[in-house]
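Here is the structure we will look at.
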Amino acid sequence: MPVLIPTNRETAAEWRNESTQKPPQRAVYLHECGADAVLKQAYAHTATVWTGDFHNAKQVLAAMKKRVRKPVARQADVQTAFHNHRMRQAQTSRVLNMLAVEIGADFALDLPRAPDVRGALADVYGEPNSKPFLLPLNQLLGFIGAHEWHKKGVFVPELDAAVHVPFGVFSPLRGEYLGLIARAPLPEPCKSAFDIGTGSGVIAALLAARGIPRITATDTNPRAIACARANIGRLGYGGRVQVEETDLFPQGRADLIVCNPPWLPAKPTSAVEAALYDPGHAMLQGFLNGVRERLNPNGEAWLVMSDLAEHLHLRQADFLQQCFQTASLAVAGVLQTEPAHRKAADADDPLAFARSRETTGLYRLKAV
């Protein structure tokens, strides 16, 4: 259902936001103003709808970010540091999203010096709209950046090719786990595989590249389903990989079942964050508790999991082992790698104390 909010014009306006934030109480159309004026309105739960020069709006947004993103003192308690970090992220995002623009019919952005945003918005929303709506400028810029990445693609060395990922689907920009999947020994025989929570389809494609003839990839996100099918077809594996929209497992059994679930047991604040945060490790435990009955004799389940949650004190060090034991699974081997992404080496990152010690593991599991 569209969310309508009152404005300083004659009619209400539809408000769109990809996050779970509450909409503003009202919106005020202004030609141009400074960052302090927008922030004052934001703290009063009022959105500012920019009607002036697009580049000036970007400068105001940049000034707002400098004002709200202040250095934070280190927390002695690790878990408190993480939860405070998440809370600050949510509060900052909500304030920044109070600077908005009006998107006209057919995804038109009628502002001086504004770019053509129709392709970026079509990536997110599909068919063009017939009525105007309000959209946070910060999100629009995110859509534009994601659209450029979608067109360019993310090069995956293990495939010697790029995968193309639109907004709303988890991108393998951080791809060290793919190296684990590429070199882990396959079970014998390995004629079939499931990729659970496929996202972009990159793991399914990698399994096909390794020669597995029959692969079923699953996801519950319609954007991910469309993305995975497009990537699988583009890479030439359409004859080997079937993509299904279903929760966790497809019908049947397989020789190999792979899952790279969200690594942190926390509440996501948007659809795309569901690939990173999973309250109570629900997907992880659903996968482990159901995978044994889906394996063929001598089959293996591969779980890709970071230990970042342990360094953040969000789960106990023996949590995974207890889950394996409960699910009647034994560890046949573990491959590990250290993260190579930018945040891992950023000493100013609020979670640097944990990221600096993080490792990612591929657990080869067999039924007991």
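Rounded to the nearest 0.5 Å, atoms CE (Met64) and CG (Asp36) are 10.0 Å apart. Summarising the geometry, atom OH belonging to Tyr237 is positioned 11.5 Å from atom CD1 belonging to Ile212; distances are rounded to the nearest 0.5 Å. To the nearest 0.5 Å, atom CG of residue Leu134 and atom CD1 of residue Ile5 are 5.5 Å apart. Separation of atoms CZ (Arg94) and NE2 (His45) is listed at 5.5 Å; rounding is to 0.5 Å. Atom CE of Met87 and atom OG1 of Thr269 lie 14.0 Å apart (nearest 0.5 Å). Taken to the nearest 0.5 Å, the NZ atom of Lys366 stands 15.5 Å off from the OG atom of Ser328.
Minimum heavy-atom separation, Gly199 to Val169: C-CG1, 3.8 Å. Nearest heavy atom pair, residue Pro265 against residue Gly280, reads CB-N, 4.1 Å. Residues Ala90 and Gln21 approach most closely at O-NE2, 4.2 Å, considering heavy atoms.
Other residues, nucleotides and ligands place no more than 12 heavy atoms under 6.0 Å from the CG atom of Asp160. Heavy-atom neighbours of Glu32 CD from other residues, nucleotides or ligands within 6.0 Å: above the threshold of 12. In the displayed structure, Glu245 atom CD is contacted under 6.0 Å by more than 12 heavy atoms of other residues, nucleotides or ligands. Atom CZ of Arg118 is surrounded by 12 or fewer heavy atoms from other residues, nucleotides or ligands within 6.0 Å. When the shell of 6.0 Å around CD of Gln316 is examined, it contains 12 or fewer heavy atoms from other residues, nucleotides or ligands.
Ion pairing between a basic and an acidic side chain is recognised when a charged N comes within 4.0 Å of a carboxylate O; Asp307 and Arg357 show no such pairing. At a threshold of 4.0 Å, the pair Arg294-Glu300 does not count as salt-bridged, since none of the basic side-chain nitrogens sits closer than that to a carboxylate oxygen. Arg86 and Glu273 are joined by a salt bridge, as a carboxylate oxygen and a charged side-chain nitrogen come within less than 4.0 angstrom of each other.
Between Trp263 and Tyr177, the angle of the ring planes goes over 60°, which puts this pair in the perpendicular group of the 30/60° scheme. The aromatic rings of His147 and His150 stand perpendicular to each other, their planes meeting at an angle above 60°, with 30° marking the opposite boundary.
Among pairs with a residue in residues 2-26, those fulfilling salt bridge (Lys or Arg N to Asp or Glu O under 4.0 Å) read Glu14-Arg16, Glu18-Arg223, at least two apart in sequence or across chains. Sorted by first then second residue, the salt bridge (Lys or Arg N to Asp or Glu O under 4.0 Å) pairs that include residues 179-205, not counting sequence neighbours, number zero.
Counting only distance, with no hydrogens or angles, the side chain of Thr326 and the backbone of Gln322 share a donor-acceptor pair below 3.5 Å. Arg240 places a side-chain N or O within 3.5 Å of a backbone atom of Ala208 that can act as its donor or acceptor partner. In this structure a side-chain-to-backbone donor-acceptor pair under 3.5 Å is missing from Thr48 to Leu99. With Arg253 contributing its side chain and Leu295 its backbone, the two residues share a donor-acceptor pair below 3.5 Å. Listed for the Asn8 side chain is a donor-acceptor partner under 3.5 Å among the backbone atoms of Tyr29. The backbone N or O of His164 lies less than 3.5 Å from a partner atom in the side chain of Asn231, making a donor-acceptor pair. Panel note: side chain Thr218, backbone Ile196; no donor-acceptor pair is recorded below 3.5 Å. Using modelled atom types, one side-chain atom of Thr92 and one backbone atom of Arg88 make a donor-acceptor pair closer than 3.5 Å.
Residues Phe82 and Gln79 are not in side-chain contact: their nearest non-hydrogen atoms beyond the backbone lie 4.5 Å or more apart. No side-chain heavy atom of Cys259 sits under 4.5 Å from any side-chain heavy atom of Leu288. In this structure the side chain of Leu365 reaches within 4.5 angstrom of the side chain of Val331, judged on heavy atoms. Contact check for Leu264 versus Asp278: no side-chain heavy atoms found under the 4.5 Å cut-off. Between Leu121 and Phe143 there is a side-chain heavy-atom pair separated by less than 4.5 Å.
No side-chain N or O of Gln91 forms a donor-acceptor pair with one of Gln89 less than 3.5 Å apart. Counting only N and O atoms by type, the side chains of Glu358 and Ser306 include a donor and acceptor under 3.5 Å apart.
A side chain to side chain contact (heavy atoms under 4.5 Å, CB included) with Ile257 is found for one member of Leu248, Thr216, Val291 and no other, namely Val291.
You'll find the ring centres of Tyr125 and Phe133 inside the 6.0 Å limit. When ring centroids are compared, Phe319 and His281 come within the 6.0 Å threshold.
With sequence neighbours excluded, no residue satisfies salt bridge (Lys or Arg N to Asp or Glu O under 4.0 Å) with Lys267.
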